[in-house]
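Structure first, then comments.
What you are looking at is a predicted structure, and each value in this text was computed from that prediction instead of being measured.
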Amino acid sequence: MAVKATIIASLIALFLAFVKFIVGLLSGSVALLSLAIDSLLDSFVSILNTLALKKAEQNSNEKYNFGYEKLEGLVSLIEAFIISGVGLFILFQSLKKLFTKEEISFVIPALLTILFCIFVSLLLVFYLNKILKKENSLILKADILHYKVDLLTNSATFLALLLIYFSEFYIIDAIFGILISLYTIFGAYKIAKDGFEMLLDKALDKEIVDEIKNLILANDEVKTLHLLKSRSTAKTNYLSVHLVFSPTISLLKAHDISHQLEEQIRTKFSDKKWEIIMHLDPYDDFKKDLNENSTHSA
């Protein structure tokens with residue numbers, strides 16, 4: 001469904017880009033032309049997202065044991081650079097218009113065009129959010145951010161042109177263009193941050209890690225734990241941890257306990273799939289290794 005959603009989004013963005021570009025040329029509004037270019041890039045990015053999602057959903061294989069989910073982080077990073085480029089272009093055009101002080105014609109057609117685009121963007125964001133609730137995807141989140149930015153910039157441009165229509169203060173168009181560019185660049189930064197964190201294997205949130213530790217240590221048979229490591233992709237959480245049991249416990253019992261703990265974790269945090277590896281220790285070898293290292297250092 002996520003792939004289908006990105007295809008629909010790309011087609012709608014392409015249509016909106018065409019409408020904005022025609023009216024933008026006729027009216028001479030830099031904000032509207034900037035929005036047209038933004039929608040055109042939105043369409044390109046949505047197509048890129050479609051291809052990436054198809055690949056990311058493929059199963060793991062002998063060459064790529066963990067599958068292709070990190071592709072979402074890479075594509076999100078590329079997407080962030082594209083959005084940043086859009087933001088910088090809008091900023092350049094707005095600053096240029098700030099000094100040239102060009103007038104805007106055909107304000108009423110421009111207002112009606114943007115009002116139509118706002119309505120379509122609103123429906124698209126609602127639709128994509130509905131799909132996101134069913135399929136968690138970093139790419140889909142980035143796509144939604146695109147169209148939320150599109151919705152807000154359309155609204156800001158509508159307000160700017162409305163003020164221009166009543167006041168004939170044409171510099172408002174350039175001012176709103178600058179504000180739109182800054183918001184766009186900030187949105188790109190957030191997408192880039194999420195992409196970097198996925199590619200660099202950022203650990204799960206501290207609150208989740210602490211809850212997992214408490215859940216494990218609540219079992220009386222588990223003496224302690226160490227070397228807990230975690231990371232996350234859009235659809236899967238990964239966890240590895242060493243559990244310390246009594247040396248006299250049977251391997252079968254320790255295995256059963258670890259299996260129970262895995263199921264408890266999956267049940268408690270069921271919003272994503274889990275890949276969990278639990279190493280069973282008869283003693284705290286982590287402390288032993290630390291002591292040996294400190295002895296060698298001395």
Side-chain angles (χ1 to χ4, degrees), residues 4-47 49 79 82-87 89-91 93-94 97 103-133 140-188 190-191:
K4 180 183 176 182
T6 55
I7 294 173
I8 291 172
S10 63
L11 292 174
I12 290 175
L14 192 62
F15 169 71
L16 292 179
F18 176 76
V19 173
K20 291 175 187 175
F21 188 72
I22 295 299
V23 180
L25 285 175
L26 292 173
S27 65
S29 170
V30 66
L32 194 54
L33 283 172
S34 299
L35 290 179
I37 294 169
D38 183 40
S39 291
L40 189 62
L41 284 173
D42 281 346
S43 177
F44 166 74
V45 168
S46 289
I47 293 170
N49 287 345
E79 199 167 330
I82 293 172
I83 297 173
S84 297
V86 171
F89 176 78
I90 295 172
L91 182 61
Q93 292 296 327
S94 300
K97 186 156 190 176
E103 293 188 2
I104 298 173
S105 56
F106 300 105
V107 176
I108 294 297
L111 284 169
L112 293 175
T113 299
I114 295 175
L115 201 59
F116 170 73
C117 292
I118 288 172
F119 176 71
V120 174
S121 296
L122 191 62
L123 290 178
L124 182 57
V125 168
F126 177 78
Y127 168 70
L128 292 176
N129 270 313
K130 188 176 178 181
I131 301 299
L132 184 63
K133 289 178 181 178
L140 202 54
K141 284 180 182 178
D143 230 17
I144 290 171
L145 179 58
H146 270 160
Y147 296 109
K148 279 184 177 179
V149 169
D150 197 43
L151 182 61
L152 289 171
T153 51
N154 282 332
S155 301
T157 305
F158 179 82
L159 180 59
L161 291 177
L162 197 63
L163 290 172
I164 289 169
Y165 178 73
F166 287 108
S167 68
E168 295 188 358
F169 191 48
Y170 296 105
I171 199 173
I172 291 174
D173 185 48
I175 294 170
F176 270 75
I178 292 170
L179 294 175
I180 289 168
S181 69
L182 295 177
Y183 185 86
T184 302
I185 292 168
F186 178 72
K190 291 197 293 184
I191 294 175

If you round to the nearest 0.5 Å, how far is CG of Leu128 from OG of Ser121?
-> 10.5 Å
Rounding to 0.5 Å, atoms CZ (Phe158) and CD1 (Ile118) come to a distance of 6.0 Å
[X]: which residues meet the side-chain contact (heavy atoms from CB on, under 4.5 Å) condition with it, sequence neighbours left out?
X: Phe116; answer: Phe15, Leu16, Val120
X: Leu163; answer: Leu159, Ile172, Phe176
X: Phe119; answer: Leu123
X: Leu112; answer: Ile108

Closest approach of Leu162 to Leu111 (non-hydrogen atoms, all atoms of both residues) | N-CD2, 3.7 Å
